[in-house]
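Reckoned from all heavy atoms, side chains included, excluding hydrogens, waters and symmetry mates. These figures come from a predicted structure and were not determined experimentally. Here is how names work: the chains are called A, B, and so on, in the same order as the sequence lines, proteins then strands, and each is numbered from 1.
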Amino acid sequence: MSWLRVETPLPSGPMHIAVTPLGVVAGGYLGDEAGELPRCTDEAKIAAVKTRIGDYLAGRSREPGLPIDWSLSTGPHRTVLQTLLREVPYGRTITYGELAARSGVFEGVAEPGLAARTVGQMMAANPVPLLVPCHRVVAADGIGGFGGGRVGIEVKRWLLTLEGVLEPTLDWNGPL
DNA sequence: AGCTATACCCTTT
DNA sequence: AAAGGGTATAGCT
């Protein structure tokens, strides 16, 4: 896989996206690990990803519309991610417990609270942030948490504001 | 009404 | 093989 850098208006700064011949395989919000990553040299892919991601973050498109390479996720993990992608459209949110139920992975296996916890873990381990809208998954009583340290939760809030789920705040620097 | 403790799954190191 | 996580709920205070 090869990586490319995408400028974003996110509080975390530029993103890094990994692509394969199949599609987008991974991504990250950390802007400093770029040094050791193999750089993508395919100009066509670079342009496509930058355009799609850029349009989405600018509010010009509602779906990134990029092909996803699921090879980094397997079993239940992949099932839950795909369920999320299919069941939760732009501007909607779902709770951890709800997603667990919809995915069917925990059918009759675990108790509600326990399944929700597992889903949280899966979201945290989501290799393809943004394309798989893990930020649309919230806790039953509020926004919930978000991995990636302190900026993580800020990114989540930013994205939810972009989609109109949350009211804009003072530090909102995005479109609208 | 609000807070703490507990449950025991799935991914990652 | 072990630890821990973006939670949900039940029970107390």
Could you write out each protein N or O paired with an N or O of nucleotides 7-13 of chain C at a distance under 3.5 Å?
| unit_1 | atom_1 | unit_2 | atom_2 | d |
| --- | --- | --- | --- | --- |
| dT7(C) | O2 | Gly113(A) | O | 3.4 |
| dA8(C) | OP1 | Ala140(A) | N | 3.4 |
| dA8(C) | OP2 | Ala140(A) | N | 2.9 |

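- Counting only residues at least two apart or on different chains, no ring pair (Phe, Tyr, Trp, His ring centres under 6.0 Å) pair has a member in residues 112-135 of chain A.
- Taking CE from Met15(A) and CG from Leu10(A), the interatomic distance works out to 7.0 Å, rounded to the nearest 0.5 Å.
- Checking side-chain atoms of Thr8(A) against main-chain N and O of Gly13(A) turns up a donor-acceptor pair under 3.5 Å.
- Using a 4.0 Å heavy-atom cutoff across all strands shown, Met123(A) reaches at least one base atom of the nucleic acid.
- At a threshold of 4.0 angstrom between heavy atoms, the contacts of Val137(A) include nucleobase atoms, whether or not backbone atoms are also involved.
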Name the pairs: protein N/O against N/O of nucleotides 2-4 of chain B, kept only if under 3.5 Å.
none

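- Here the P atom of nucleotide dG6(C) and the NE2 atom of His135(A) are 17 Å apart, to the nearest Å.
- Residue pairs meeting the side-chain hydrogen bond (donor to acceptor under 3.5 Å, both in side chains) criterion with at least one member in residues 79-90 of chain A, sequence neighbours excluded: Glu87(A)-Arg102(A).
- Shown here are the side-chain hydrogen bond (donor to acceptor under 3.5 Å, both in side chains) partners of Arg62(A), two or more places apart in sequence or in another chain: there are none.
- Comparing atom distances between the Gln121(A) side chain and each of dG6(C), dT12(B), dG5(C) picks out dG5(C) as nearest.
- For residues 166-176 of chain A, every residue pair satisfying the side-chain hydrogen bond (donor to acceptor under 3.5 Å, both in side chains) rule, not counting sequence neighbours, is listed here: Arg157(A)-Asp171(A), Trp158(A)-Asn173(A), Thr169(A)-Asp171(A).
- Smallest separation of non-hydrogen atoms from Pro175(A) and Gly59(A): CG-N, 4.1 Å.
- Note: CD1 (Ile153(A)) to P (dG5(C)) measures 15 Å, nearest angstrom.
- Formation of a donor-acceptor pair under 3.5 Å by the His16(A) side chain with backbone atoms of Gly27(A) is not found in this model.
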Table please: side-chain donor-acceptor pairs of residues 40-52 of chain A below 3.5 Å, with sequence neighbours left out.
| unit_1 | atom_1 | unit_2 | atom_2 | d |
| --- | --- | --- | --- | --- |
| Asp42(A) | OD1 | Ala44(A) | N | 3.0 |
| Asp42(A) | OD1 | Lys45(A) | N | 3.3 |
| Asp42(A) | OD2 | Lys45(A) | NZ | 3.4 |
| Thr51(A) | OG1 | Ala47(A) | O | 2.7 |
| Arg52(A) | NH1 | Pro64(A) | O | 3.4 |
| Arg52(A) | NH1 | Gly65(A) | O | 3.0 |

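- Taking all atoms of both residues into account, the shortest heavy-atom contact from Ala115(A) to Phe106(A) is CB-CG, 3.7 Å.
- The side chain of Thr118(A) lies closest to dC9(B), out of dG4(C), dG6(C), dC9(B).
- Residues of residues 82-90 of chain A having a heavy atom closer than 4.0 Å to DNA chain B: none are found.
- For DNA chain C, none of the residues of residues 67-79 of chain A falls under the heavy-atom distance limit of 4.0 Å.
- For residues 40-60 of chain A, the set of pairs meeting the ring pair (Phe, Tyr, Trp, His ring centres under 6.0 Å) definition, not counting sequence neighbours, is empty.
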- Note on the structure: For DNA chain C, the expected dot-bracket line (Watson-Crick or G-U under 3.5 Å, [ ] crossing, | inter-strand) is |||||.|||||||
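- Enclosure of atom CZ in Arg60(A) by more than 12 non-hydrogen atoms of other residues, nucleotides or ligands within 6.0 angstrom is indicated.
- A straight line from CD1 of Ile143(A) to C1' of dG6(C) spans 10 Å, rounded to a whole angstrom.
- In this structure, the separation between CG on Leu114(A) and CZ on Arg117(A) is 7.0 Å, given to the nearest 0.5 Å.
- For the side chain to side chain contact (heavy atoms under 4.5 Å, CB included) with Pro133(A), the lone residue among Leu84(A), Val128(A), Leu81(A) that qualifies is Leu84(A).
- A salt bridge is defined here as a Lys NZ or Arg NE, NH1 or NH2 lying under 4.0 Å from an Asp or Glu carboxylate O, and Glu7(A) with Arg5(A) meets this definition.
- Applying the salt bridge (Lys or Arg N to Asp or Glu O under 4.0 Å) test to pairs two or more places apart or on separate chains, none has a residue in residues 123-134 of chain A.
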